[in-house]
Amino acid sequence: MAGMTKELHSAEVLKKDERLAENIEAEAEKPIPKSIIVTDRFRTAENIIISSNIVDFLDKGRLFLGLSDHEEVYAVLEDDGTEVDEEEYFQLLPDETLLMILSSQQIWSPNISLQGSCIFDSTSNLFTSGQLAAALMEHIKRVTLETQEEDSSPCKK
């Protein structure tokens, strides 16, 4: 009789452990809300969106940017244009990651600058030779002046 009671007790403990493990797994599967920064393709509007999944983020981002509910959108990393199209990848992003939401008609473009001189025409997605030449000249001038200031500084080592 004592052996049977011990077996019943062991079975009860095993069931409790299984239920506890199931509860822990269910909690682990719940996505944790994260703060993601959204911007548009011109990088003129930014907002923090709290979302626990990619679909919710795209819906909230579409609303913030004033895009139609029927317009197909996608998200990319602002800095390099990597598309964030899978839930697993979205979940791996750290808080305050900057994502750009684009419509299906738009493409990501870099925000290239030489010490603050923007050389990218974001309205036409083209580098003009005039913009590039002006930015390079400004950059050379700035670097030359900084070098001259360092050379003539009385605190020079």
Side-chain angles (χ1 to χ4, degrees), residues 12-147 149-150 153 157:
E12 233 176 79
V13 169
L14 185 60
K15 284 182 183 180
K16 284 183 182 178
D17 287 347
E18 287 174 358
R19 283 194 302 262
L20 181 61
E22 287 171 2
N23 288 340
I24 291 172
E25 286 177 18
E27 286 295 317
E29 289 177 11
K30 287 183 183 176
I32 299 169
K34 54 178 64 204
S35 302
I36 302 291
I37 303 169
V38 64
T39 189
D40 64 343
R41 72 177 269 222
F42 299 113
R43 297 169 176 88
T44 56
E46 281 188 5
N47 192 28
I48 295 177
I49 292 179
I50 308 294
S51 182
S52 56
N53 62 63
I54 187 69
V55 173
D56 184 52
F57 171 77
L58 290 173
D59 288 342
K60 290 177 179 178
R62 180 187 291 120
L63 180 66
F64 168 71
L65 296 174
L67 299 171
S68 164
D69 290 343
H70 306 292
E71 193 161 6
E72 193 173 318
V73 295
Y74 64 104
V76 298
L77 295 176
E78 185 276 337
D79 60 349
D80 67 5
T82 302
E83 188 169 353
V84 180
D85 58 352
E86 295 180 3
E87 185 62 34
E88 293 81 18
Y89 187 39
F90 180 80
Q91 293 302 323
L92 292 174
L93 296 173
D95 276 347
E96 299 187 15
T97 297
L98 183 56
L99 292 181
M100 182 180 288
I101 291 186
L102 302 168
S103 74
S104 59
Q105 316 307 317
Q106 299 172 332
I107 59 168
W108 174 86
S109 58
N111 186 22
I112 299 175
S113 66
L114 298 172
Q115 292 188 0
S117 304
C118 185
I119 61 170
F120 187 71
D121 180 4
S122 60
T123 58
S124 66
N125 287 339
L126 297 175
F127 292 96
T128 65
S129 58
Q131 289 171 318
L132 185 57
L136 287 172
M137 291 300 291
E138 184 179 328
H139 177 72
I140 291 169
K141 179 177 153 185
R142 191 175 295 145
V143 169
T144 303
L145 288 174
E146 288 172 3
T147 304
E149 287 174 3
E150 288 174 6
S153 173
K157 294 182 180 178

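These figures come from a predicted structure and were not determined experimentally. Note that the numbering runs from 1 along the sequence shown for the chain.
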Contacts table for residues 65-72: side-chain donor-acceptor under 3.5 angstrom, sequence neighbours left out:
| residue | atom | partner | partner atom | Å |
| --- | --- | --- | --- | --- |
| S68 | OG | H70 | N | 3.1 |

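Between the CD atom in E46 and the OG1 atom in T39 there is a gap of 5.0 Å [rounded to 0.5 Å]. One finds the CG atom of D79 at 9.5 Å from the CG atom of L99 (value rounded to the nearest 0.5 Å). Between M100 atom CE and I37 atom CD1 the span is 12.5 Å, to the nearest 0.5 Å. Note that the CZ atom of F64 and the CG atom of N47 stand 4.0 Å from one another [nearest 0.5 Å].
Remark: T82 engages D80 in a side-chain hydrogen bond (donor to acceptor under 3.5 Å, both in side chains) (not counting sequence neighbours). Under the rule for a side-chain hydrogen bond (donor to acceptor under 3.5 Å, both in side chains), the partners of K60 that lie at least two apart in sequence or sit in another chain are D56. Contacts of S104 classified as side-chain hydrogen bond (donor to acceptor under 3.5 Å, both in side chains), with partners at least two apart in sequence or in another chain: none. With sequence neighbours excluded, no residue satisfies salt bridge (charged side-chain N to carboxylate O under 4.0 Å, His left out) with D85.
Screening residues 91-100 for side-chain hydrogen bond (donor to acceptor under 3.5 Å, both in side chains) gives E87-Q91 as the qualifying pairs, with residues at least two apart or on separate chains.
Closest non-hydrogen pair, I49 versus F57, comes out as CG2-CD1, 4.0 Å. Residue Q106 comes nearest to I101 through the heavy atom pair OE1-O, 4.3 Å, listed as atom of the first residue, atom of the second, then distance. S35 and I50 make their closest contact through OG-CD1, 3.1 Å (heavy atoms, listed as atom of the first residue, atom of the second, distance).
Using a 4.5 Å heavy-atom threshold, the side chains of L102 and I107 count as separate.
For the pair K34 and F90, the distance from NZ or CZ to the six-membered ring centre is under 6.0 Å and the angle to the ring normal is within 45 degrees.
Counted within 6.0 Å of CG on L92, heavy atoms from surrounding residues, nucleotides or ligands total more than 12; the atom is thus considered enclosed.
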